[in-house]
Amino acid sequence: QVQLVESGGGLVQAGGSLRLSCAATVTSFSIHAMGWYRQDPGKQRELVAAITSGGRTNYADFVKGRFTISRDNARNTVYLQMNSLKPEETAVYYCNADTQWRGVRSNYWGQGTQVTVSS
């Protein structure tokens, strides 16, 4: 079983910052990568940032230079530091874990955390 619990969302003013956290609890799984996605109603869920267990990162173009993803492998926790937030980035942010166990790849999602950026 894999459980993902997000925290750190909330309401901020435009230009402000938030730090999201995602803690994963796993049993007999290897986590290949974890990442953050965002989605608002009527739109596709889109990648914000991802990081592998080896530390390789991937960022969406629209957040490069403003957001930083990091992880603590010992605690199976991934963080997303978000700076210079824009109102259009209001969305539900979801944590994702890409896992493998006995050769089987699986993808798990958290319940999401709301980020609201006001003018």
Side-chain angles (χ1 to χ4, degrees):
Q1 184 180 25
V2 177
Q3 296 185 59
L4 304 175
V5 179
E6 302 103 328
S7 62
L11 174 65
V12 296
Q13 295 289 109
S17 298
L18 284 174
R19 191 189 193 202
L20 306 183
S21 298
C22 175
T25 58
V26 299
T27 303
S28 299
F29 285 82
S30 296
I31 298 178
H32 173 69
M34 296 181 68
W36 288 96
Y37 294 71
R38 70 187 185 193
Q39 185 175 28
D40 53 12
K43 298 184 182 297
Q44 292 286 326
R45 187 172 298 184
E46 61 184 355
L47 172 71
V48 177
I51 187 167
T52 70
S53 295
R56 298 187 300 274
T57 58
N58 184 35
Y59 294 95
D61 288 341
F62 51 81
V63 303
K64 287 182 178 178
R66 297 187 296 120
F67 292 8
T68 303
I69 190 168
S70 61
R71 86 274 186 266
D72 182 343
N73 286 340
R75 298 180 179 181
N76 286 325
T77 301
V78 66
Y79 306 93
L80 183 67
Q81 178 67 45
M82 305 186 294
N83 298 325
S84 301
L85 282 161
K86 306 173 182 179
E88 58 264 36
E89 292 173 325
T90 293
V92 178
Y93 284 69
Y94 295 91
C95 181
N96 173 269
D98 182 1
T99 68
Q100 181 168 314
W101 185 66
R102 294 189 175 183
V104 179
R105 293 280 295 274
S106 299
N107 218 342
Y108 295 87
W109 296 93
Q111 292 298 306
T113 184
Q114 177 70 48
V115 172
T116 302
V117 185
S118 64
S119 300

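Residue numbers count from 1 along this sequence. Just so it is clear, the structure is predicted and the values come from calculations on it, not from any experiment.
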If you measure from CG on L4 to CG on N96, what distance do you get to the nearest 0.5 Å? 7.5 Å
Within this structure, what is the CZ-OG1 distance for the pair F67 and T57, rounded to the nearest 0.5 Å? 14.5 Å
Any side-chain heavy-atom pair of E46 and F62 under 4.5 Å: yes
Is the closest side-chain heavy-atom distance between V12 and T116 below 4.5 Å? no
OG-CZ distance between S7 and R19, expressed to the nearest 0.5 angstrom: 10.0 Å
Once side-chain contact (heavy atoms from CB on, under 4.5 Å) is applied, do any residues pair with K64, and if so which ones, sequence neighbours excluded? Y59, D61
Checking S53 side chain against I31 main chain: does a donor-acceptor pair fall under 3.5 Å? yes
Gap between atom CG of L18 and atom CD of E89 - 0.5 Å precision: 10.5 Å
Any side-chain heavy atom of R38 within less than 4.5 Å of one from V115? no
Partners passing side-chain contact (heavy atoms from CB on, under 4.5 Å) against T77 (at least two apart in sequence or in another chain): A23, R75, Y79
Over all heavy atoms of both residues, which pair between L47 and A60 is shortest? Give the atoms and the distance, please. O-CB, 3.3 Å
Within 6.0 Å of CD in Q44, more than 12 heavy atoms from elsewhere: no
Can you confirm if the aromatic rings of W109 and Y37 lie within a centre distance of less than 6.0 Å? yes
Under 3.5 Å side-chain donor-acceptor pair for Q100 and S30: no
Apply side chain to side chain contact (heavy atoms under 4.5 Å, CB included) to residues Q111 and Y94 and explain how you reach the verdict. CA-CA 7 Å; Q111 292 298 306; Y94 295 91; 6.0 Å; no
Full working for side chain to side chain contact (heavy atoms under 4.5 Å, CB included) between M82 and S17: CA-CA 5 Å; M82 305 186 294; S17 298; over 6 Å; no
If every non-hydrogen atom of S119 is compared with every non-hydrogen atom of A14, which pair is closest and at what distance? CA-CB, 4.5 Å
Does V2 reach the side chain of T25, with side-chain heavy atoms less than 4.5 Å apart? no
Closest heavy-atom pair and its distance - A24, M34: CB-CE, 4.0 Å
Shortest non-hydrogen contact from E6 to C95? OE2-N, 3.0 Å
Compare all side-chain heavy atoms of Y93 with those of Q114 and state whether any distance is below 4.5 angstrom. no
Taking the side chain from T90 and the backbone from V117, do they hold a donor-acceptor pair closer than 3.5 Å? yes
Kindly compute the distance separating OG1 (T99) from CZ (R105), expressed to the nearest 0.5 Å. 8.0 Å
Would S118 and L11 satisfy side chain to side chain contact (heavy atoms under 4.5 Å, CB included), going step by step from the backbone distance to the final call? CA-CA 7 Å; S118 64; L11 174 65; 4.1 Å; yes
Taking all heavy atoms of A91 and all of Q39, pick out the closest pair and write down the distance. CB-O, 3.6 Å
Distance, nearest 0.5 Å, that separates OG1 of T68 from CG of N83: 6.5 Å
Could you go through the side chain to side chain contact (heavy atoms under 4.5 Å, CB included) check for D40 and V92 one step at a time? CA-CA 6 Å; D40 53 12; V92 178; over 6 Å; no
